[in-house]
Amino acid sequence: MNEKRIEGSWDAKSGLARMLKGGVIMDVVTPEQARIAQDAGAVAVMALERVPADIRIEGGVARMSDPGIIRRIQETVDIPVMAKCRIGHFVEAQILESLEIDYIDESEVLTPADENNHVDKHSFSVPFVCGATNLGEALRRIGEGAAMIRTKGEAGTGNVVEAVRHARAVLGEIKQIKAMPREELMSTAKYMGAPYDLVCRIHEDGCLPVVNFAAGGVATPADAALMMQLGMDGVFVGSGIFKSGEPAKRARAIVEAVSRFDAPEVLAEVSMNLGEAMVGINISTLSEDERMADRGW
Amino acid sequence: MSPVGVLALQGGVSEHCAMTGSLGLDTIQIRTHEQLEGISALLLPGGESTTLISLMDRWGLTTPVRELGQAGLPILGTCAGAVLLSSEVSEVEHACTQESLRLASVRSVRNRFGRQTRSFIRYLNIKGLDAPFPGLFIRAPLLEPLSDKVEILAELSEGPVLLRQGNLWLSSFHPELTTDTSLHRLFFESIGILPGRI
């Protein structure tokens, strides 16, 4: 009998993401917000210094959070704590791993540190989640070792349109590959810039090998349920909660909406009297360098 | 044959459904208390136990599931599902006042094996199974029996990880995340839903 424990295996990394399915992961900047999120039923929190809406307003270079903030949030809640590193910034990732963070988001919301290369996520025992705007991008990230994928959406806007675009792109391309004859898989892999073996796997399974969450612009229970009905496995909510009028109430309503996403009468009930939603931004008013979804490749 | 229910509010739902499907069992996903009617057994999946118990309360499932468990309905809880079944819940680092179904005389200690980077896979000897079983432990709880009615079916050096108390089975690891159906089969055989081996 094999007495050995194997830590940081692919099954353990992708398995935690599977346990988050049907749940809501909330951005928090203080231990108090983390507590509110946990009490509202969040399955995990994302520990940040600034939510994306504030990063947009304040500008400048956005980096990994102060480890002190992350520690305090870890000490406050029992649910998994995630944190963001910059795209390609493997030293920020090493620091987060040494803090025993539960998941790292290699995120376009922060200012990229490398314009060509993402982190080699296979070399870490902590699992990573990465954003994707289409299937090729999702499979490149999985090829690098991401154990969870999310839409990029357009963070900090309170506008769900980009998340919908990215979700439909990924799910639509999966359907196409599933229906394709085998001999077309290699040229599809070439065209998409995706690893061939992963394209073959999509062809066989008809789904991603990891869970796929919605992120970027989700602001209401209806937004969250929309992403679930489109086929996402769960939802990240960033600025949408703590930039709204009544965060605890809205957080709870979004958790409830995700658990009963296909019951409109329930969605109506949970959406009542939530106070002010965050003020949204129309994506078309953003200049190109304000668009976070275009970061990474 | 009446269907097996899988609590489907959050967590590893489709993985349990894939297990029951591959064993040839009809399965129903449970989101409301009406759906509990007529099920032959209930699976409580892994997920976040704080989320699960608050959603069970919200959608009116806590009391009916507790009553069904008390009346003898076979229930298998994995990881967070096992925490839900426990009579006491504690946490390694924090004081913890978490609610649960309080069905089994078990204290579950959440996150006893550490944070995610300490999650691991290890083969286990399980009472009733011939071959070692791949135990996948993800931010797993330790399960401490509080009564001699609780039987230990598998343990590690830290303590028990698979328990049975009559109709209730508690696993701190995730059989549903493996391709090995033998633990699910053992559960369903023990309650007569699948024919037992000779």
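All values below come from the heavy atoms of this structure, side chains included, with hydrogens, waters and symmetry mates left out. By convention in this document, chain letters (A, B, ...) are assigned in the order of the sequence lines, proteins followed by strands, and residues within each chain are numbered from 1.
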Open item on the list: I need the contact set between residues 139-155 of chain B and chain A: heavy-atom distance under 4.5 Å, sorted by residue number.
Closed with: B:Arg139
Open item on the list: Between A:Lys21 and B:Glu176, does any NZ, NE, NH1 or NH2 come within less than 4.0 Å of an OD or OE carboxylate oxygen?
Closed with: no
TODO: With a 4.5 Å cut-off on heavy-atom pairs, point out which of A:Ala40, A:Ala12, A:Gly234 contacts chain B the most.
DONE: A:Ala12
- [ ] Compare all side-chain heavy atoms of B:Arg31 with those of A:Val266 and state whether any distance is below 4.5 angstrom.
- [x] no
Open item on the list: Please check: side-chain N/O of B:Glu91 versus main-chain N/O of A:Val77, any donor-acceptor pairing under 3.5 Å?
Closed with: no
Open item on the list: Given 3.5 Å as the limit, does a donor-acceptor pair link the side chain of A:Asp11 with the main chain of B:Leu177, or not?
Closed with: no
- [ ] Indicate yes or no: at least one non-hydrogen side-chain atom of B:Ile138 is less than 4.5 angstrom from one of A:Arg18.
- [x] no
Task: Largest heavy-atom contact set with chain B, pairs under 4.5 Å, which of A:Ile79, A:Val24, A:Val126 - done: A:Ile79
Task: Pairwise side-chain contact, A:Pro80 with B:Gln116, heavy-atom cut-off 4.5 Å (strictly under) - done: no
Task: Donor-acceptor under 3.5 Å (B:Gln10 side chain, A:Met19 main chain) - done: yes
Open item on the list: Would you say A:Arg260 and B:Thr32 are linked by a side-chain donor-acceptor pair, where the criterion is simply a distance under 3.5 Å?
Closed with: no
- [ ] Please flag which part of A:Ala263 lies under 4.5 Å from any non-hydrogen atom of chain B: side chain, backbone, both or neither.
- [x] neither
Task: Under 4.5 Å from any heavy atom of chain B - which part of A:Ser14 - done: neither
- [ ] Heavy atoms only, distances under 4.5 angstrom: which of A:Gln38, A:Lys13, A:Arg252 has the most pairs with chain B? Name it, please.
- [x] A:Arg252
